[in-house]
Amino acid sequence: MLETPVVVGIGSICIGFVFFMLAALGARLRWTKKLTITFFAVAIVFMTIIPVIGAVGFAA
């Protein structure tokens, strides 16, 4: 069975990937720059910051 930090990390990276793909789609379809950058920033948060905080928080 997977432990909680692993599940949080995998789920967060999957959600981040969806936001990254939305940012890429927005760049190709010429959505507003603000919306595309927001999707990209949210993707970075979900793919890096949340998994690290989850791993450190559950390890303590």
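These numbers come from a predicted model, not from an experiment.
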Residues forming a side-chain contact (heavy atoms from CB on, under 4.5 Å) with I53, sequence neighbours excluded: I49

I'd like a table of donor-acceptor pairs (distance under 3.5 Å, sequence neighbours excluded) in which one partner is a side-chain atom from residues 24-31, with atom names and distances.
none

Looking at every heavy atom in both P5 and A55, which two are closest together, and how far apart are they? CB-CA, 4.3 Å

Report, one line per pair, each donor and acceptor closer than 3.5 Å where one atom sits in a side chain of residues 34-46; sequence neighbours left out.
| residue | atom | partner | partner atom | Å |
| --- | --- | --- | --- | --- |
| T36 | OG1 | T32 | O | 3.2 |
| T38 | OG1 | K34 | O | 2.7 |

Would a single hydrophobic cluster contain both I13 and L22, if residues Ile, Leu, Val, Met, Phe, Trp and Tyr are joined by side-chain heavy-atom contacts under 4.5 Å? no

